[in-house]
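To start, the structure under review is shown below, and the notes come after it.
These figures come from a predicted structure and were not determined experimentally. FYI, the numbering just counts along the sequence from 1.
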Amino acid sequence: MIRILQIIDSLRRGGKERQLVELLKGINKKNFENYIVIFDKVVDGYDEDVKNILGSDKVVYLKRRFRWDFFIIFDLFKICKLKSINIIIAWEGMCSFYGLIVSKITKIKFINSSIRDTGLSKGYRFLIQKIVLNFSKNIISNSFKGLEAYKVLNKGKVIYNGLDFSRFINSRRKRNDDKFVIG
């Protein structure tokens with residue numbers, strides 16, 4: 001069994017959060033056991049969806065005391081050792097920074113899944129992200145443009161944002177709308 005630790009800043013309703021939820025739903029649970037660390041709890045987000053997919057015991061909230069809380073690294077290190085984590089996947093720039101440091105200390109494989117833009121802003125976040133990406137061996141983006149912008153095409157893979165049509169069909173059925181037809 002391969003144990004994966006997913007690290008994400010929050011599970012608000014957004015693109016990377018939705019992609020994470022869809023990947024968790026589709027992953028082979030016989031071969032992979034997922035745990036997730038979330039930094040901020042959101043009332044109207046995907047928190048309950050993730051708890052239903054993984055189980056509440058595999059969801060950990062780590063509250064940051066301030067924006068770049070380096071003490072989080074120690075908490076992540078403890079979780080990795082306690083759960084015998086084999087792979088760390090980080091879904092955002094700051095999470096990638098933390099995950100990369102923990103992976104280097106523990107020798108756990110690391111996947112940087114933080115590219116969700118084309119780097120056009122070129123601000124300090126772009127610079128930090130670029131530095132972390134340069135130290136990352138495995139990178140996932142939701143587009144080739146993002147990999148090109150950060151100049152990591154050679155070590156990156158693309159997982160496009162998918163669409164689960166059953167979400168729309170089921171929500172229509174809940175509202176008893178018999179006018180909705182696919183086809």
Side-chain angles (χ1 to χ4, degrees), residues 1-12 16-17 19-42 45-47 49-51 53-117 124-142 146-147 150-159:
M1 172 87 55
I2 296 173
R3 292 181 183 88
I4 302 171
L5 178 64
Q6 309 273 353
I7 307 171
I8 194 162
D9 53 344
S10 76
L11 286 173
R12 65 182 163 273
K16 70 178 175 262
E17 297 86 357
Q19 189 176 36
L20 172 59
V21 169
E22 294 305 325
L23 288 171
L24 290 174
K25 285 184 348 190
I27 200 163
N28 181 334
K29 288 164 185 56
K30 291 179 184 174
N31 297 332
F32 298 95
E33 185 174 18
N34 277 277
Y35 296 88
I36 187 165
V37 167
I38 307 162
F39 295 135
D40 294 317
K41 187 171 183 151
V42 179
Y46 294 116
D47 294 71
D49 295 331
V50 169
K51 287 177 186 174
I53 295 166
L54 299 180
S56 294
D57 60 324
K58 295 184 178 166
V59 177
V60 177
Y61 291 95
L62 291 179
K63 187 70 177 160
R64 291 176 292 165
R65 292 166 281 280
F66 42 90
R67 182 143 179 83
W68 286 90
D69 184 356
F70 291 103
F71 294 107
I72 291 287
I73 294 168
F74 298 110
D75 297 329
L76 291 171
F77 179 79
K78 287 181 211 172
I79 291 168
C80 288
K81 287 300 177 190
L82 182 68
K83 303 295 184 186
S84 301
I85 298 298
N86 305 104
I87 300 171
I88 297 170
I89 302 176
W91 287 85
E92 190 262 336
M94 179 186 55
C95 299
S96 295
F97 177 79
Y98 294 144
L100 180 66
I101 291 172
V102 172
S103 76
K104 294 291 185 190
I105 294 168
T106 60
K107 306 291 189 234
I108 294 172
K109 291 181 180 164
F110 175 68
I111 299 173
N112 185 331
S113 183
S114 65
I115 298 178
R116 296 281 175 274
D117 62 4
Y124 77 94
R125 288 182 185 207
F126 174 83
L127 185 61
I128 292 169
Q129 175 118 327
K130 184 117 175 74
I131 291 167
V132 173
L133 286 165
N134 284 334
F135 286 103
S136 302
K137 289 183 183 175
N138 302 295
I139 299 167
I140 296 174
S141 174
N142 65 350
L147 293 173
Y150 286 96
K151 297 182 177 25
V152 291
L153 259 173
N154 60 327
K155 54 185 176 177
K157 300 285 184 208
V158 174
I159 298 178

Exercise. Taking all non-hydrogen atoms of both residues into account, name the closest pair between F110 and S103 and its distance.
Key: CB-OG, 3.4 Å
Quiz item: In terms of side-chain geometry, is the basic nitrogen of E33 or K58 positioned less than 4.0 Å from the acidic oxygen of its partner?
Solution: yes
Quiz item: Can you tell me how far the CD1 atom of I108 sits from the NZ atom of K104, to the nearest 0.5 Å?
Solution: 12.5 Å
Practice problem: Calculate, to the nearest 0.5 Å, the distance between atoms CD1 and CG belonging to I88 and N138 respectively. | Solution: 12.0 Å
Practice problem: Using atom types as modelled and distance alone, determine if a side-chain donor or acceptor of K130 lies under 3.5 Å from a backbone N or O of Y150. | Solution: yes
Quiz item: Would N142 and Q19 count as having a side-chain donor-acceptor pair, cut-off 3.5 Å?
Solution: no
Quiz prompt | Any side-chain heavy-atom pair of F71 and I73 under 4.5 Å | solution = no
Exercise. Would you sort out whether I87 and L5 count as a side-chain contact (heavy atoms from CB on, under 4.5 Å), showing the intermediate values?
Key: CA-CA 6 Å; I87 300 171; L5 178 64; over 6 Å; no
Quiz item: Can you check side-chain contact (heavy atoms from CB on, under 4.5 Å) on W68 and I128, steps first, answer last?
Solution: CA-CA 12 Å; W68 286 90; I128 292 169; 4.2 Å; yes
Quiz item: Taking the six-membered ring for Trp, are F39 and Y98 ring centroids under 6.0 Å apart?
Solution: yes
Quiz item: Does the Q6 side chain pair with the main chain of V37, one donor and one acceptor, at a distance under 3.5 Å?
Solution: no
Quiz item: Is there side-chain contact between I4 and I2, with heavy atoms separated by less than 4.5 Å?
Solution: yes
Quiz item: Between S114 and Q129, does any side-chain donor sit less than 3.5 Å from a side-chain acceptor?
Solution: yes
Quiz item: Salt bridge check: are D9 and R64 linked by an N-O gap of less than 4.0 Å?
Solution: no
Practice problem: Apply side-chain contact (heavy atoms from CB on, under 4.5 Å) to the pair V60 and I79, showing each step before the final yes or no. | Solution: CA-CA 9 Å; V60 177; I79 291 168; 4.0 Å; yes
Practice problem: Show the numbers, then the answer: is there a salt bridge (Lys or Arg N to Asp or Glu O under 4.0 Å) between D40 and R12? | Solution: CA-CA 9 Å; D40 294 317; R12 65 182 163 273; over 6 Å; no
Quiz item: How long is the span from the CG atom in L100 to the NZ atom in K137, to the nearest 0.5 Å?
Solution: 10.5 Å
Exercise. Output the distance between atom SG (C95) and atom CG (N112), rounded to the nearest 0.5 Å.
Key: 10.0 Å
Quiz item: Taking atom NZ of K78 and atom CG of D75, what is their separation to the nearest 0.5 Å?
Solution: 5.5 Å
Exercise. Measure the shortest side-chain to side-chain distance between V158 and I140 over non-hydrogen atoms and say whether it is less than 4.5 angstrom.
Key: no
Quiz item: Are the side chain of K29 and the backbone N or O of L24 linked by a donor-acceptor pair below 3.5 Å?
Solution: yes
Quiz item: Side chains of F70 and F97: closer than 4.5 Å at any heavy-atom pair?
Solution: yes
Quiz item: Distance-only, no hydrogens or angles: does the K155 side chain make a donor-acceptor pair with backbone N or O of S136 under 3.5 Å?
Solution: yes
Quiz item: Would you say the side-chain atoms of N86 pair up with the backbone N or O of R3, donor to acceptor, closer than 3.5 Å?
Solution: yes
Quiz item: Counting heavy atoms not belonging to F74, are there more than 12 under 6.0 Å from its CZ?
Solution: no
Practice problem: Mind checking the NZ-OG spacing from K157 to S141? Nearest 0.5 Å is all I need. | Solution: 12.5 Å
Quiz item: Given S96 and W91, is the side-chain contact (heavy atoms from CB on, under 4.5 Å) satisfied, shown in steps?
Solution: CA-CA 7 Å; S96 295; W91 287 85; over 6 Å; no
